[in-house]
2 protein chains.
Amino acid sequence: MASADPPFGSVAILGLGLIGGSLARDLAARGVRVLVWDRDPAAVDLAVGQRIAEPLSDDAPEIVVLAVPVMAACELLDELRDELHGARLVTDVGSTKGSIVALAEKVGIGDRFVGSHPIAGDHRSGWAASRAGLFAGARVFLSPAPSATEEAVGLAERLWRMVDARPEMLDAEEHDRRLAWSSHLPQLMASALGGALADAGVDRAELGPGGRDVTRLAGSSPEMWADIGIDNAGHLAPALAAAEARLRELRLALEAGDGARLRQLLAEARDWQGSS
Amino acid sequence: MASADPPFGSVAILGLGLIGGSLARDLAARGVRVLVWDRDPAAVDLAVGQRIAEPLSDDAPEIVVLAVPVMAACELLDELRDELHGARLVTDVGSTKGSIVALAEKVGIGDRFVGSHPIAGDHRSGWAASRAGLFAGARVFLSPAPSATEEAVGLAERLWRMVDARPEMLDAEEHDRRLAWSSHLPQLMASALGGALADAGVDRAELGPGGRDVTRLAGSSPEMWADIGIDNAGHLAPALAAAEARLRELRLALEAGDGARLRQLLAEARDWQGSS
C-alpha cells in the first residue's frame, strides 16, 4: 500500500528483531522513510537489501523506536540521550514500562517519551521471524512519561494506528502490574513446566496437542525474559507465589483423594476460561 | 471410503462424546456396522439420524468400546461383566490404564481386555465436537490385561489402524507414569494458571496469544479431569510437586534479582523445548 503523503518525515528503528523488523516492513509499505540500526550489521544489510530501509545516518529522525529488549533499551536511551533531543517522539517496544519511563524522565527527554508495548509476536524472534501485518488488530499499550507532551502522545498513537494496531493508554505502573499476570506469569508457567519435564527425562515428542500448547512459550528467548522478569520482579514474584499456591491446592486434593475438591478447583479455572 | 469386506462384524461404542463419536464416524465410513449407546438418548438419535450407527440392541457385538470417562468406564465394565463375555475384544479410551486393566482381570474378562488411550482430541467435548479423521496419525497406547490373548491384542491393533491411528503397546503401569508427566501435569498447570488469574481478577481477554496457548487446556471438562487425576494421583502428585519446585526456583531468582540464575532456568526449559 503506497501513500501519496507519508505522515512522518522519517522513523528510526533501533533493533531489527521480530518487533522492529515487522514495524520496519509495515511502515515502509506505507511510504514512510525508515532508518535502521542493529548490533548485527547483517540484519541491517538484509533490511536494506530488501529495500525496506536505509542504514541509520546523521539525519535526525522525527521518531525513534528502541526495538531491543528492556535492559538494552534502557542502556541505549542513556547512551543516546543527547541525540534523542532532536526527535519529536522517542518510544520503545518492551514488555515492561516502569523503569524505561522513569529513566526517560531522569535523562531529560520525558517530554518526548511515550513507552509502547505491542501485544504481538510469539516465541520466535529475530529478523527472520519478522513479517508484514504483525500488528494488525493487536493492542499496543502506551505509557507516556509524566512530562510527555500531547504532541508526543498523539504521534505515538498515529504511529501504531498506521500499522493497524489499537493503541490504549495505560499508566506505566499499572501496565507492569497487569502484564505480570497476563503475560509474564504465563511465560514462567510454561518455562517451569518445560524445566520439570526436562528434569523428569520426558521428551517433548511425548506430549499431545494440549501439552504442546502449554509448553510452546518455553521456547522464548531466555535473555529477553530474564530481563523482563528481573525488571518486573516486584509484581511478578507475588503472581508466581499465587500460581504455586494453586498447584499446591491441586496436589493436596490429589493426595487426599478428594475428587469433589479437585473438581471444584478445575471448575474455577474452566469458568474463568469460558468467561470471555 | 467404503469397504467391500468389513473386517469386523460389529463394533459397539458406549458413549458418544468427542472420542466415541469420532470413532463411530470413522468406522461407519469404512463399512463397519456400528452400534451405539449413550446415557443421553439425544446423542444416540443424532448418530442414528445421520446414518452413522444403529442403537445398541440385543445383538452381541464383536468388539465393545467403553468410550466414557475413566471412572464411568470402570462402572460400566463392572455392570456389564456378564454380557461382555460374548465379545472378542473389550477396550476403552480413557487417559489412565492401571485401574481399568486391573478391574477387567478381576471381573474375569482379562483374556479379551486391551485398554486403549488415543492421544487425540482437545479441550472440546461431546458429540458436537466429534469429527471424521480425528485419529489420523495419532498415537494410541494399547495396554493389554495380563491374561489378554494374542487374538484380542491383534483385534485392538486392527481396530485403531482402521481409523489411521498408530497403535503402540505400553504396559498399563508405565503408561500411567509417563502420561502423568506428558499429559496430566500440563493439564493441571493450565488449570492452576487459570485459577490464579481468576483469583487475581484478570480477564482472559487481557491475555496475548502466548498466554491463551498456556491456558487453553483450562477449558477442559472438570469432571473428566478430576477422575483422571484421582485415578492417577500416585504418579501425578509427585509431578505436581516437581512443577511447584521449579516455580519456586524461578520466584527465588526473581526475589534475589539474580538475572544469571533466571536465564539459566529459562534456558533449561528452552533447550528442552528445542530438543525435538
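Here is how names work: the chains are called A, B, and so on, in the same order as the sequence lines, proteins then strands, and each is numbered from 1. These numbers were taken from a predicted model, which means no experiment stands behind them.
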inquiry  = If I measure from the heavy atoms of chain B, does A/S183 come under 4.5 Å with its side chain, its backbone, both, or neither?
reply    =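 Neither; nothing under 4.5 Å.
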Which atom names give the shortest non-hydrogen contact between [X] and [Y], and what distance separates them?
X      : Y      : result
B/R248 : A/E244 : CB-OE1, 3.7 Å
A/A192 : B/A243 : CB-O, 4.4 Å
A/L188 : B/L247 : O-CD2, 4.2 Å
B/S182 : A/L207 : O-CG, 3.6 Å
A/R270 : B/P222 : NH1-CD, 3.3 Å
A/L266 : B/S191 : CD2-OG, 3.4 Å

request  = Determine yes or no for a side-chain-to-main-chain donor-acceptor pair under 3.5 angstrom, with B/W272 supplying the side chain and A/L193 the backbone.
outcome  =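 No: the side chain of B/W272 does not pair with the backbone of A/L193.
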request  = Look at B/E223 together with A/R263 and state whether they make a salt bridge at an N to O cut-off of under 4.0 Å.
outcome  =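 Salt bridge between B/E223 and A/R263, a charged N being under 4.0 Å from a carboxylate O: no.
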ask   = Is B/D213 salt-bridged to A/R212, going by a charged N under 4.0 Å from an acidic O?
value =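 No, B/D213 and A/R212 are not salt-bridged.
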task = Output the option from A/A237, A/A242, A/P209, A/G208 having the highest count of non-hydrogen pairs under 4.5 Å with chain B.
result =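 Sorted descending by pairs with chain B, the first entry is A/A237.
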request  = Could you tell me the separation between the CG atom of B/L250 and the CE atom of A/M189, rounded to the nearest 0.5 Å?
outcome  =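 Here the rounded value is 10.5 Å.
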query = In Å, rounded to the nearest 0.5 Å, how long is the span from CZ of B/R178 to CG of A/D203?
reply =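 Reported to 0.5 Å precision, the distance equals 10.0 Å.
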query = Relative to chain A, which segment of B/A138 carries a heavy atom at a distance below 4.5 Å: side chain, backbone, both, or neither?
reply =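 Interface part for B/A138: neither.
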task = Under 4.5 Å heavy-atom distance to chain A, tell me which part of B/N232 shows up: side chain, backbone, both or neither.
result =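 For B/N232, there is no contact with chain A at all, as no heavy atom is under 4.5 Å.
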